[in-house]
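What follows is a single structure, written as structure tokens, with notes after it.
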Amino acid sequence: MVKWNDQSGRFIKGSAFLDVKKAFGWKNDVLMVQIADEAQPQVLELREAVDRDCVVEPLGFEDEKAREALRHTASHVLAQAVKRLFPGTRLGIGPAIEDGFYYDFDTEHRFSQEDLADIEKEMKRIVKQNLPITREIMSREEARRVFEEAGEPYKVELIDELPEGEQISIYRQGEFFDLCAGPHVPYTGYLKAFKLLSVAGAYWRGDENRPMLQRIYGTSFMDKEALDAHLARLEEIKRRDHRRLGRELGLFSIEEEGGPGLVYWHPKGAMVREVIENFWKEEHRKRGYEIVYTPHIAKLDLWKVSGHWDWYSQNMYSPMDVDDAKYLLKPMNCPFHILIYKGKTRSYRDLPIKYGELGTVYRYERSGVLHGMLRVRGFTQDDAHVFCRPDQLEEQLVEVLDLAEFMLKTFGYDEYYCMLSVRDPENKESYIGDDEIWEQAEAALENALKAKNLDYQVDVGEAKFYGPAIDINIKDTMGRMWQGPTIQADLNLPERFDIHYIGEDGQKHRPVMIHRTVLGAMERFIGGLIEHYAGAFPMWLSPVQIRVMPVSDKHSDYAKVVAEHLEKQGLRTECDLGQDKIGYKIRQAQLEKVPYMIIVGDKEKQAGNISVRHRSLGDLGPMGLDEFASKAKHEVSSKSLESVFAQS
RNA sequence: GCCAGCGUAGCUCAGUUGGCAGAGCAACUGAUUUGUAAUCAGUAGGUCGUCGGUUCGAAUCCGUCCGCUGGCUCCA
């Protein structure tokens, strides 16, 4: 019996939401409800009942909590199906994640792709049965007993680790039950569209000393259309994969004979990199950085002083013998920049000193984590270190944030999120440096973010032992997050290397050091750019900007004249003098994602002009060579992300 | 590193219960002289990732190593 006291949806204590739902004619796209007329809106499962007079609002898939409830239920249905098909399977955990859900299983059986299809079928059966999902509160002892009897050791472990006073609940649907805090949708029939995607190994609780479980990933949506759209997006991501585009576009390769995680930049990829590096250097010089170059190896002792030998040796390549000393390949550039700083006495008037380097470093990465250009063993960081007085710290941080923002905007990353990593105040002893310096540094970082008017999230305990940091995550065109600029205050190295400057008072003072990178690494950044642009680099970055193609042999000479003219003006131009028909040449240029195609035949030769085609705008018709050249040059110099012809 | 899957021509992929290694694209040669996403014909191209085993016979079955893919963990 539904009770409400007026048509506005105010319900009286005791109404069950499922009845409310029926009374209002809500469909199954209502997954949860929210009690709206409270100071703190409360989100509740449909299973529940109102315990007070209130106004309830429906929550659908677009609501994060409701979406998670649906996907969490999907993971339970997955687990139920697996337990039906593979009895004796022990359950790990099965949460909702950003784009779907997973469940971890422990069984002798090895899940295959075919199994996924069978499991999906069984899941559909469970959905069709439309089992009611119920919740039960248990004492710790009772829950332990239930899961011990059920032969679920992982669940027992979870129960044992639940904090004192935590309410322990289990959810049931048919014969299946699971330790779970919820929330869930009320019936398995609420699942409309789901798909199992992959199976992968995952250590129990992420700990490599513990058993390896099998994780099944899946996703679910409200309807088939939304699911299909998501699957299409996954396809699109695959299509944009930088490893595939990198090969197809002749940008880079990784050679089995040379070793994993080591990148070979082919001429076109190298061109993209060169353009970015030149831009980077120019921009840094403008902002008061001095560019330096430092060696690739250094004596082991240097790495002992820096602390890398103690803290980072797992990621460093083994020492090599040179004469009577041991040398190490550098995993970072910082100690080198400090040595340059240390090379002479610095005055407070000299500061800030800003050394920038596109420094190639080598880090040993475990073989399983290597991934194209995004995760490699040798890479070039766009590194820089700012040495400044403590009173300059904040203004220097603002400058770095400013540069980072400028760089991201230039490459078309318009959405980004800042994170401020600070130390764990409960655990001060695991950080180097005294309280006062930490507080100062953390305040400076936070003030810089505020000064730049940036939203940020504070991550307590995420700071490295040597100082707090700002990390900026960037979102690409596919909505994926990438690690972007990182800005790290370093309270450790100045100490270790005992660097100083002479202050106004004639005394030695300790400078503060900022370690920062705005692009990250050339490999990772350009790998990300390839996916961001789907291989179609904006004009200023395109390795080939223009391709001139004669309609037939008769027009080759004219084509060469045109190409030479453009080349002379600094536009990267190629001529396609092949015997193929013009349609074929265009197709080739399209596939190579060349921004502009210039077609010349009888008409153009006679008129002394050119026909222009843009890779995404198509045929732009005839125009004068000079007109085109000046527009093209403008597109390059402005680093425009779209064609100058896009608006007209 | 660990778990699972994969490795056949430059690329994308066929290859049945173990029985002579294939196609399309690319390359090369020739013909064609072309008007906005593929002209036609021909030629060449492979130690079937590696090493070992089983077998009369292995791309195929088994093992080893190398590499790749998806994850776990970490990070630029």
Side-chain angles (χ1 to χ4, degrees), chain A residues 92 102 104 106 109-113 115 197-217 238 241 243-244 247-248 250 253-261 312 314-315 331-333 359-361 363-383 464 471 482-486 488 515-525 527-528 549-556 578-592 597-604 611-615 617-622:
Chain A
Y102 68 79
D104 286 345
D106 183 16
H109 178 78
R110 297 292 163 223
F111 294 121
S112 65
Q113 281 298 317
D115 290 334
L197 297 171
S198 61
V199 47
Y203 295 109
W204 169 238
R205 319 207 75 177
D207 182 344
E208 60 189 276
N209 298 311
R210 315 214 49 189
M212 172 74 68
L213 309 181
Q214 293 181 78
R215 175 172 298 178
I216 296 179
Y217 283 94
K238 231 163 136 186
D241 193 309
R243 292 166 298 185
R244 171 203 176 106
R247 187 184 56 241
E248 287 176 359
S253 67
I254 289 165
E255 300 296 331
E256 190 173 340
E257 288 157 286
Y312 206 70
Q314 281 214 324
N315 284 290
M332 293 186 192
N333 304 300
T360 303
V361 298
R363 298 182 188 173
Y364 173 74
E365 298 283 356
R366 301 206 287 182
S367 62
V369 304
L370 301 175
H371 180 90
M373 288 219 283
L374 302 182
R375 192 66 189 273
V376 293
R377 285 178 171 165
F379 56 95
T380 300
Q381 283 184 304
D382 74 302
D383 209 359
K464 302 276 162 43
D471 292 293
W482 299 75
Q483 182 169 327
T486 65
Q488 184 91 46
H515 175 118
R516 43 106 294 180
T517 158
V518 290
L519 307 180
M522 298 314 292
E523 287 75 9
R524 182 178 285 182
F525 186 73
M549 12 204 173
V551 171
S552 84
D553 277 355
K554 287 184 296 188
H555 318 108
S556 290
Q579 302 297 293
D580 306 286
K581 301 212 308 199
I582 195 66
Y584 185 82
K585 292 179 182 177
I586 288 167
R587 180 181 155 78
Q588 287 309 309
Q590 287 284 158
L591 292 175
E592 290 170 44
M597 289 156 263
I598 288 179
I599 289 126
V600 290
D602 285 334
K603 281 184 288 187
E604 290 77 13
S611 278
V612 179
R613 179 189 166 93
H614 183 262
R615 66 180 171 207
L617 301 172
D619 192 354
L620 298 172

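Here the structure is a predicted model, which is why all the values come from computation and not from measurement. Letters go in sequence order (proteins before strands), and every chain restarts at 1. As a basis for the values below, the full set of heavy atoms in this structure was taken, side chains included, without hydrogen atoms, waters or symmetry mates.
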Between [M] and [N], how far apart are the [atom1] atoms? Round to whole Å, please.
N	M	atom1	value
B:rG67	B:rG49	P	16 Å
B:rU73	B:rC56	P	50 Å
B:rA9	B:rC48	P	10 Å
B:rG53	B:rU60	C1'	15 Å

So [X], base contact, sugar-phosphate only, or nothing? Heavy-atom distance under 4.0 Å.
X	value
A:Lys585	nothing
A:Gly206	sugar-phosphate
A:Ser611	base
A:Tyr312	nothing
A:Arg247	sugar-phosphate
A:Arg524	base
A:Gln214	nothing
A:Tyr584	sugar-phosphate
A:Gln588	nothing

task: For the pair A:Arg243 and A:Asp241, find out whether any cationic side-chain nitrogen is under 4.0 Å from an anionic carboxylate oxygen.
output: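 Between A:Asp241 and A:Arg243 there is a salt bridge, with a charged N closer than 4.0 Å to a carboxylate O.
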So, is [X] near the phosphate of [N], with a side-chain N or O under 4.0 Å from OP1 or OP2?
X	N	result
A:His555	B:rU34	no
A:Tyr102	B:rG71	no
A:Arg243	B:rG70	yes
A:Arg205	B:rC72	no
A:Arg110	B:rA4	yes
A:Tyr217	B:rA4	no
A:Ser367	B:rG1	yes

Short side-chain donor-acceptor distance under 3.5 Å, [Y] and [X]:
X	Y	result
A:Asp115	A:His109	yes
A:Asp382	A:Thr517	yes
A:Ser253	A:Glu255	yes

field: Passing candidate, side-chain hydrogen bond (donor to acceptor under 3.5 Å, both in side chains) with A:Gln590, options A:Arg613, A:Arg615, A:Lys585
entry: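 Among A:Arg613, A:Arg615, A:Lys585, the one meeting side-chain hydrogen bond (donor to acceptor under 3.5 Å, both in side chains) with A:Gln590 is A:Arg613.
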Tell me: [atom1] of [X] to [atom2] of [N], nearest whole Å?
X	N	atom1	atom2	value
A:Glu255	B:rG10	CD	P	13 Å
A:Phe111	B:rC3	CZ	C1'	13 Å
A:Arg366	B:rG71	CZ	P	16 Å
A:Asp104	B:rG71	CG	C1'	10 Å

task: Just name whichever nucleotide pairs with B:rA21, Watson-Crick or G-U, keeping both distances under 3.5 Å, else none.
output: none
- line: For B:rU39, the nucleotide meeting Watson-Crick or G-U wobble distances (both under 3.5 Å) is B:rA31
- prompt: Is the NZ or CZ atom of A:Arg210 both under 6.0 Å from the centre of the six-membered ring of A:Tyr203 and within 45° of that ring's axis?
  reply: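 No.
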